[in-house]
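Everything below concerns the one structure shown next.
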Amino acid sequence: MKMKKVLAGAVASVMAVSSLAAFASAATTTEEGTAYIMLSTGVPGFEWWDDGTDRAGLDATTAKITGNGQYTVSLKVDGEFEDDNEDLYETAPSVMFAALGVNNGEVLFPGMIITIDKVEFDGKAVDLKGTPYTNSDDGKVTRVNLRNPWVNSIPDDARTAKGTKEAGTIESDATWAPMFGTDGGDVETFEWAEMVITFTVSGIQEDNNAEGSDTETTDKPAGDTNKPTDDKNNADTGIEGVAIVAGLAVIAGGAVVVAKKRK
């Protein structure tokens with residue numbers, strides 16, 4: 001079987017249909033205090049939100065935050081995802097949206113700052129453009145946007161190891177799209193089998209340190225174990241509805257997806 005080139009739709013098309021999305025819950029299924037990758041590839045269903053939905057195609061390795069220090073999380077394509085046309089994917093086709101999240105991090109580790117050390121695809125590091133910042137959409141999940149076409153300004157609660165947006169000491173190049181440096185352009189299109197994020201946590205007070213192991217591999221979660229959370233900022237950031245919007249974008253943008261076919 002051969003994997004052909006994948007053409008993703010323009011983010012402008014995504015924005016045109018984003019208002020139609022029914023925003024989903026921000027609930028996660030990892031243990032509280034655990035870091036994980038959020039991802040949308042632009043192919044409907046080929047994504048990871050750690051929301052309890054059984055999605056074949058990606059296996060997640062998470063990291064339990066136990067205090068200040070360096071951690072690693074990853075997503076690996078398992079070659080089991082098929083779309084409605086029975087196209088089989090053994091590599092991911094693109095990156096429409098990506099972020100790093102920590103479940104209930106704002107509550108467990110108030111003031112926690114996440115510094116992205118390295119983002120790799122199949123062992124090759126991405127040249128980050130701009131400074132990623134830490135913030136939260138719902139006051140619970142701590143997050144760092146790596147590519148988010150639904151954001152167009154730095155939020156008031158943005159913070160980095162250098163400073164904060166509120167104090168005016170945050171880096172001038174702080175951005176919600178450091179992974180490719182494209183805030184609103186075309187989706188970055190390339191094939192990859194494994195995405196790895198290495199990051200450093202700082203700002204956690206000693207009495208807030210969590211206990212537990214550092215990493216955990218999640219292979220197709222069984223179900224949603226969390227109640228939905230009411231996030232009033234969803235419409236502004238578009239994160240919780242990216243999965244639905246991504247599917248609409250493929251249609252609205254006239255994207256053509258040609259993937260590996262069975263012999």
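Keep in mind that the numbers below use all heavy atoms, side chains included, and drop hydrogens, waters and symmetry copies. We count residues from 1, following the sequence as given.
With sequence neighbours excluded, no residue satisfies salt bridge (Lys or Arg N to Asp or Glu O under 4.0 Å) with Asp84. In terms of the side chain to side chain contact (heavy atoms under 4.5 Å, CB included) criterion, residue partners of Asp173 (sequence neighbours excluded) are, by chain and number, Thr131, Glu171. In this view, Thr164 and Arg159, Glu166, Ala167, Thr169 satisfy the side chain to side chain contact (heavy atoms under 4.5 Å, CB included) rule, not counting sequence neighbours. For the side-chain hydrogen bond (donor to acceptor under 3.5 Å, both in side chains) test, residues two or more places apart in sequence or in another chain that qualify with Thr142 are Glu106. Residues that satisfy the ring-ring contact (aromatic ring centres under 6.0 Å, His included) test with Phe199, not counting sequence neighbours, are Tyr71.
In this structure the side chain of Pro155 never reaches within 4.5 angstrom of the side chain of Trp176, judged on heavy atoms. Within the 4.5 Å cutoff, no side-chain heavy atoms of Thr91 are placed close to those of Val77. When side chains are defined from C-beta on, Asn135 counts as touching Arg143, because their heavy atoms get closer than 4.5 Å. Pro178 has its side chain within reach of Leu146: a pair of non-hydrogen atoms, C-beta onward, lies under 4.5 Å apart. Using a 4.5 Å heavy-atom cutoff, the side chains of Ile65 and Ile204 are in contact. With contacts defined as side-chain heavy-atom distances shorter than 4.5 Å, the pair Asn145/Phe97 qualifies. Side-chain contact between Arg147 and Val119 is absent, with no heavy atoms from C-beta onward closer than 4.5 Å. Side chains of Tyr89 and Thr41 form no contact here, defined as non-hydrogen atoms less than 4.5 Å apart.
Rounding to the nearest 0.5 Å gives a distance of 7.5 Å between CE of Met179 and CD1 of Ile197. Note that CE of Met96 is 5.0 Å distant from CH2 of Trp150, once rounded to the nearest 0.5 Å. Taken to the nearest 0.5 Å, the OG1 atom of Thr134 stands 8.5 Å off from the CG atom of Leu100. Between Met195 atom CE and Lys76 atom NZ the span is 15.5 Å, to the nearest 0.5 Å. With rounding to the nearest 0.5 angstrom, the CD atom of Glu32 is 9.5 Å from the NZ atom of Lys140. Trp49 CH2 to Leu58 CG: the interatomic distance, rounded to the nearest 0.5 Å, is 11.5 Å.
Judged purely by distance below 3.5 Å, without hydrogens or angles, the side chains of Asp59 and Thr61 never pair a donor atom with an acceptor atom.
Across every non-hydrogen atom of Phe46 and Pro93, the tightest pair is CE2-CD, 3.5 Å. Looking at every heavy atom in both residues, Pro44 comes nearest to Gly42 through CD-O, 3.7 Å. Closest non-hydrogen pair, Lys165 versus Ile154, comes out as NZ-O, 2.8 Å. In terms of heavy-atom proximity, Asn68 sits nearest to Gly203 at OD1-N, 3.3 Å. In plain terms, the two heavy atoms of Glu31 and Thr34 that are nearest each other are O-OG1, 2.8 Å. Between Ser136 and Val141, the shortest heavy-atom distance links the atoms OG-O, 2.9 Å.
A donor-acceptor pair under 3.5 Å links the side-chain atoms of Asp122 to the main chain of Glu194, judged by distance alone.
No path of Ile, Leu, Val, Met, Phe, Trp and Tyr side chains, each step under 4.5 Å between heavy atoms, connects Phe180 with Val196, placing them in separate hydrophobic clusters.
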Derivation of the side chain to side chain contact (heavy atoms under 4.5 Å, CB included) call for Glu47 and Leu39: CA-CA 5 Å; Glu47 55 208 19; Leu39 176 79; 5.8 Å; no
Side chain to side chain contact (heavy atoms under 4.5 Å, CB included) between Val73 and Tyr36, worked out: CA-CA 6 Å; Val73 291; Tyr36 59 96; 5.7 Å; no
Please output the side-chain donor-acceptor pairs of residues 107-117 that fall under 3.5 Å, not counting sequence neighbours, one pair per line with the distance.
unit_1	atom_1	unit_2	atom_2	d
Asp117	OD1	Thr200	OG1	3.4
Asp117	OD2	Gln70	NE2	2.9
Asp117	OD2	Thr200	N	3.3
Asp117	OD2	Thr200	OG1	2.6

